[in-house]
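Here is how names work: the chains are called A, B, and so on, in the same order as the sequence lines, proteins then strands, and each is numbered from 1.
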Protein chains: 2
Amino acid sequence: MTKAVGQPLALDDESPSRTINETTYRHLRSDLLRCHFAPNARLRFDELRLRYGVGVSPLREAMSRLQSEGLIEIESHKGARVTGISVTDFLDLAELRITIEGAALAKAIERGDDRWEAELAGAFQYLLRVEERMSEDLAGNDERELRHGRFHTVLVSACGSRRLLDFRAVLYAQAERYRHLALAYTKGTHPKRDSLEEHRRLMAAAVARKSKEACALLRDHLQLTTELALSAVRELEG
Amino acid sequence: MTKAVGQPLALDDESPSRTINETTYRHLRSDLLRCHFAPNARLRFDELRLRYGVGVSPLREAMSRLQSEGLIEIESHKGARVTGISVTDFLDLAELRITIEGAALAKAIERGDDRWEAELAGAFQYLLRVEERMSEDLAGNDERELRHGRFHTVLVSACGSRRLLDFRAVLYAQAERYRHLALAYTKGTHPKRDSLEEHRRLMAAAVARKSKEACALLRDHLQLTTELALSAVRELEG
DNA sequence: ATTACCTAGATTTTCGAAAACTTACACTCT
DNA sequence: AGAGTGTAAGTTTTCGAAAATCTAGGTAAT
């Protein structure tokens, strides 16, 4: 039995957490991405143990994992800190993401099948609805972030390489922290940007298998996001 | 004080292990790369604890880390196994490595400074000597692997992105396992290949800042390695 | 014969305390 | 004053046992 090649690979979120280790990892990760712990903040084991109501073993494992994802930094016998931010790091991250997301997108366009197209259309629909709601009342920023992330994940999910997708997801998470900080700093998104239209054109090019065009649109999308956040990051660095 | 940009980033090996966690990680990782544990082999905590003489906590952390590097796979409450091998996985890995190593090399050529050139020359010299020795007596295969790995690490070390280098290192380690298996299967390297000359030209192009040429040479180098190992991997899969 | 259920043994996961290490502060000596 | 030293408190790391979960084998019911 040969496995279908163009099918999107599983989105490794929504699997049930069967261990304290796993739930602690998700909880702490979420707290880091929301910047509940500020960059460079010290993370003491006792505090975290109390906060999540767990013992040291699962906590240490969760932290070890988050270190390898670049969200925290641990020094032997000296404790852990939230990874710091800087303009140079932000730009390095942004540049690398263009390379990686681009490579993944190109392969997904090459290999994506009907199911991929359908899931992409579905993810876009979710995004569309939340954007509509956002323009009325202001609530639901978390939901928007969730659906935006999901769209981009689905977009490249058919690339065929679990490795590449995992690395992309790590970079996406690192960038999410910067996005969140920049958003909190500027109090709200830039209104002059038609983010939904960007995604629509990106999806259209992908489904039409226009690889070059899709990658260019993706590059522009990422670069614009970077530019809009840059001034905020610049302020936050000092 | 601004940090020098073209300088090679630290090679995160040779730092002293201050914790049992760290030494266990290195020990187990080394055992996996040498295929002391075969692909798909079950890894029981008790066995490993006995083997390395450690408690569960550092062992679990080490294994958790190796899972995130794709060398083992852990299922909740069911135990751990050495990651399996397959032709499709091998080819996916090889293709991704060309992309990632290529991207890193291009940037290193762009940004590398005098120190980078000097370290590269040094790494090549080490490789040269071990290759000479290899053609006389047959011993020292481990040393060759070490110096070969070091050369390629130094080659891209000036790329400026810690993230990219770390990801590259993970892929390199995964490939090392395939190389090792293929080598053991075919009993010795292909004599018709002038590996040293490939590296010499690669270095020359890099130092001469001929980016396109260097990347092409690197691609060929990787592809040739892949092709030579492929038949062995094909046999081993069944 | 097959399925469902139960139990004992094997294995993994988690906890809490002990051990190892770092940091901060007071003290002494030059 | 400043450098060095020792000690106590704070923090991280590790161990060993207890708890939770999985697996295999046997028994009973259909």
Polar atoms only, N or O, under 3.5 Å: list the protein pairs with nucleotides 15-17 of chain C and their distances.
residue, atom, partner, partner atom, Å
C:dC15, OP2, A:G55, N, 2.7
C:dC15, N4, A:S57, OG, 3.0

What's touching nucleotides 5-10 of chain D from the protein side, N or O pairs under 3.5 Å?
none

Taking N or O atoms only and anything under 3.5 Å, show me the protein contacts with nucleotides 18-23 of chain C, one pair per line.
residue, atom, partner, partner atom, Å
C:dT22, OP1, B:R18, NH2, 3.1

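For the OP1/OP2 pair of D:dT13 and a distance below 4.0 Å, the side-chain nitrogens and oxygens of A:R60 include at least one atom meeting the criterion.
For A:T83, there are no side chain to side chain donor-acceptor pair (under 3.5 Å) partners at least two apart in sequence or on another chain.
For the pair B:Y25 OH and D:dT13 P, the interatomic distance rounds to 17 Å; values are reported in whole Å. Between A:L59 atom CG and D:dT11 atom P the separation is 15 Å, expressed in whole Å. For B:N21 and D:dT11, the CG to P distance is 21 Å, given to the nearest whole Å.
Between the side chains of B:Q67 and A:R65, no donor-acceptor pair is found at a separation under 3.5 Å.
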Side-chain donor/acceptor pairs under 3.5 Å, residues 226-238 of chain A, sequence neighbours excluded:
residue, atom, partner, partner atom, Å
A:T226, OG1, A:L222, O, 2.8
A:E237, OE2, A:V87, N, 3.0

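Note on ring orientation: taking the six-membered ring where Trp is involved, the planes of A:H199 and A:H152 are perpendicular (angle over 60°, cut-offs 30° and 60°).
Contacts with DNA chain C (heavy atom under 4.0 Å) in residues 35-43 of chain B: B:R42, B:L43, listed by number.
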